[in-house]
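Okay, structure first, notes after.
Please read all numbers here as calculations on a predicted model, not as lab measurements.
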Amino acid sequence: MRSPHVYIAFLLYICVLIGGCAGRTAPAPAPVVLLNSQVAGGSEEYTKKTYKVQRGDTLYAVAWYTGNDYRDLAKYNDLSAPYTIFPGQILNVSPPSNVAVAPVKTEVKTKQSTTPTTTNVDKSLVDRPQPQAYRESEKVVKPQKVTTVKKPSQSVKKQAPTSFPDKVQKWVWPAEGKLIGTFSQSESGNKGIDIAGAKGSKVVAAADGKVVYSGSALRGYGNLVIIKHTDTFLSAYAYNDTILVKEREWVSAGQQIATMGDSGTNSVKLHFEVRYRGKSLDPMKYLPVLK
């Protein structure tokens with residue numbers, strides 16, 4: 001019969017092996033590509049119907065914070081250019097309730113006609129045409145690989161969609177270069193990613209969508225482009241040198257929208273953000289996995 005000390009030594013040896021395995025650092029999981037564009041668990045969204053203007057806010061900034069088109073906010077609040085707002089002002093950030101209008105029935109009382117006429121709802125407002133499927137763009141290379149981003153073919157004229165899709169079908173990297181900044185959940189942290197590259201290099205749309213802002217009115221973003229992809233998802237492209245798209249223009253994933261620059265910052269780079277109802281998300285959870 002073996003001594004109890006032998007069994008104790010054996011158990012201690014097993015514990016050391018288990019502890020050694022547990023102490024090893026597992027490789028970080030690769031980013032998940034969420035092609036269905038569902039928001040990662042725990043993400044908050046701006047769900048309030050109003051927004052209280054803070055000092056330094058512009059209508060463009062409020063639209064970006066709340067996930068809206070600034071023109072829609074202007075419409076909801078009866079504002080006109082230059083869209084002046086004031087600290088403490090309460091803005092509607094969702095459309096006012098629409099009252100359904102029943103068909104209006106009117107009778108013509110003149111002798112020439114005694115037949116009642118009915119004004120019906122325009123069918124075009126009810127049977128809205130479905131948006132044409134987005135054409136998949138050509139592959140956009142990942143950062144750190146020098147390849148040419150091909151511009152979508154101009155030979156086939158694509159009909160502009162009439163509404164936004166329910167989900168983003170495809171995400172692509174917005175620029176070539178070196179990833180120098182990643183997303184942070186801290187209050188004062190980076191709300192997107194930063195890609196360093198050559199000045200004048202291409203900046204492309206990360207997904208199909210509609211340009212809802214193009215300009216330099218948002219402080220700290222330099223020359224900025226904001227694209228709306230669905231009713232809830234938007235992406236932003238900051239610090240550009242030149243902007244090549246106009247507001248209200250529909251763009252495809254991989255289509256060039258700007259050139260990389262250093263407007264609003266101290267080095268040449270692209271600052272890229274993804275937001276869901278105004279809430280900042282980690283773009284690495286949506287972009288294709290780096291190899």
Side-chain angles (χ1 to χ4, degrees), residues 56-77 79-85 91 93 131 134 137 140 149 151-152 154 158 160-165 168 171-177 191-195 197 199-265 268-278 280 283:
D57 277 346
T58 64
L59 190 68
Y60 305 108
V62 175
W64 179 230
Y65 299 151
T66 60
N68 283 283
D69 184 328
Y70 75 89
R71 291 181 183 80
D72 290 336
L73 292 187
K75 185 189 304 181
Y76 302 158
N77 296 278
L79 299 174
S80 57
Y83 310 119
T84 303
I85 56 177
L91 297 177
V93 295
Y134 289 100
S137 64
V140 176
V149 178
K151 194 173 183 179
Q154 301 296 324
K158 188 176 84 170
T162 57
S163 62
F164 293 98
V168 176
W171 292 91
V172 300
W173 281 88
E176 300 175 6
K191 298 309 176 186
I193 61 173
D194 297 307
I195 302 172
K199 188 170 185 176
S201 58
K202 292 183 179 181
V203 174
V204 303
D208 298 334
K210 184 179 183 181
V211 179
V212 295
Y213 179 74
S214 173
S216 57
L218 271 70
R219 185 173 54 190
Y221 283 89
N223 293 328
L224 174 70
V225 175
I226 298 176
I227 298 176
K228 186 173 182 179
H229 305 294
T230 69
D231 285 332
T232 52
F233 272 89
L234 296 96
S235 62
Y237 312 74
Y239 307 149
N240 299 295
D241 184 40
T242 56
I243 295 175
L244 306 177
V245 289
K246 298 179 180 179
E247 294 174 0
R248 297 288 186 175
E249 180 179 342
W250 290 90
V251 295
S252 299
Q255 178 180 335
Q256 185 176 3
I257 59 172
T259 60
M260 191 180 293
D262 56 359
S263 61
T265 187
V268 177
K269 59 186 175 182
L270 170 68
H271 176 70
F272 175 70
E273 295 187 18
V274 173
R275 294 200 180 190
Y276 175 83
R277 295 184 185 269
S280 299

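Evaluation of the side chain to side chain contact (heavy atoms under 4.5 Å, CB included) rule for Lys199 yields Asp241, Asp262, Val268 as partners, not counting sequence neighbours. Looking at residues two or more places apart in sequence or on another chain, you find a salt bridge (Lys or Arg N to Asp or Glu O under 4.0 Å) between Glu247 and Arg71. With sequence neighbours left out, the side chain to side chain donor-acceptor pair (under 3.5 Å) criterion links Tyr239 to no other residue. The salt bridge (Lys or Arg N to Asp or Glu O under 4.0 Å) check on Arg219 picks up nothing, with sequence neighbours excluded. Shown here are the side chain to side chain contact (heavy atoms under 4.5 Å, CB included) partners of Ser216, two or more places apart in sequence or in another chain: Asn223. For Thr259, the side chain to side chain donor-acceptor pair (under 3.5 Å) partners are Thr242, not counting sequence neighbours. Among residues two or more places apart in sequence or in another chain, the side chain to side chain contact (heavy atoms under 4.5 Å, CB included) test is passed with Ala74 by Leu59, Leu79, Tyr83. Residues satisfying the side chain to side chain contact (heavy atoms under 4.5 Å, CB included) criterion with Thr84, sequence neighbours excluded, are Pro82, Phe86. Scanning for side chain to side chain donor-acceptor pair (under 3.5 Å) contacts around Thr232 gives Thr230, with sequence neighbours left out. For the ring pair (Phe, Tyr, Trp, His ring centres under 6.0 Å) test, residues two or more places apart in sequence or in another chain that qualify with Tyr213 are Tyr60. Not counting sequence neighbours, Ser201 has no partner by the side chain to side chain donor-acceptor pair (under 3.5 Å) test.
Distance check: Ile85 CD1 to Asn77 CG gives 9.0 Å after rounding to the nearest 0.5 Å. In this structure, OG in Ser214 is found 9.0 Å from CG in Leu244, a value given to the nearest 0.5 Å. Atom NZ in Lys202 sits 5.5 Å away from atom CD in Gln256 (nearest 0.5 Å). A distance of 11.5 Å separates OG of Ser235 from CZ of Arg275, quoted to the nearest 0.5 Å.
Closest heavy-atom contact between Ala205 and Val251: CB-CG2, 3.9 Å. What you find for Leu270 and Ala175 is that their closest heavy atoms are CD2-CB, 3.8 Å. Between Ala236 and Leu224, the closest heavy-atom pair is CB-CD1, 4.0 Å. Heavy-atom minimum distance, Tyr237 versus Pro174: CE2-CB, 3.8 Å.
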Show me the side-chain donor-acceptor pairs of residues 61-68 shorter than 3.5 Å, one per line, residues at least two apart or across chains.
from: Trp64; atom 1: NE1; to: Tyr221; atom 2: OH; distance (Å): 3.4
from: Thr66; atom 1: OG1; to: Val62; atom 2: O; distance (Å): 2.8
from: Thr66; atom 1: OG1; to: Asn68; atom 2: ND2; distance (Å): 2.9
from: Asn68; atom 1: ND2; to: Thr66; atom 2: O; distance (Å): 3.3
from: Asn68; atom 1: ND2; to: Val93; atom 2: O; distance (Å): 3.4

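At least one donor-acceptor pair closer than 3.5 Å links the side chain of Ser263 to the backbone N or O of Asn240.
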Requested in this report: Show your reasoning for whether side-chain contact (heavy atoms from CB on, under 4.5 Å) applies to His229 and Ile227.
Outcome: CA-CA 6 Å; His229 305 294; Ile227 298 176; 3.4 Å; yes
Query - Working for side-chain contact (heavy atoms from CB on, under 4.5 Å), residues Trp173 and Ile193 - result: CA-CA 11 Å; Trp173 281 88; Ile193 61 173; 3.8 Å; yes
Query - Stepwise side-chain contact (heavy atoms from CB on, under 4.5 Å) test for Asp69 and Arg248 - result: CA-CA 10 Å; Asp69 184 328; Arg248 297 288 186 175; 3.9 Å; yes
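Using a 4.5 Å cut-off on side-chain heavy atoms (C-beta onward), Leu91 and Leu73 make no contact. Proximity of Val168 to Asp208: side-chain heavy atoms (C-beta onward) are nowhere separated by under 4.5 Å.
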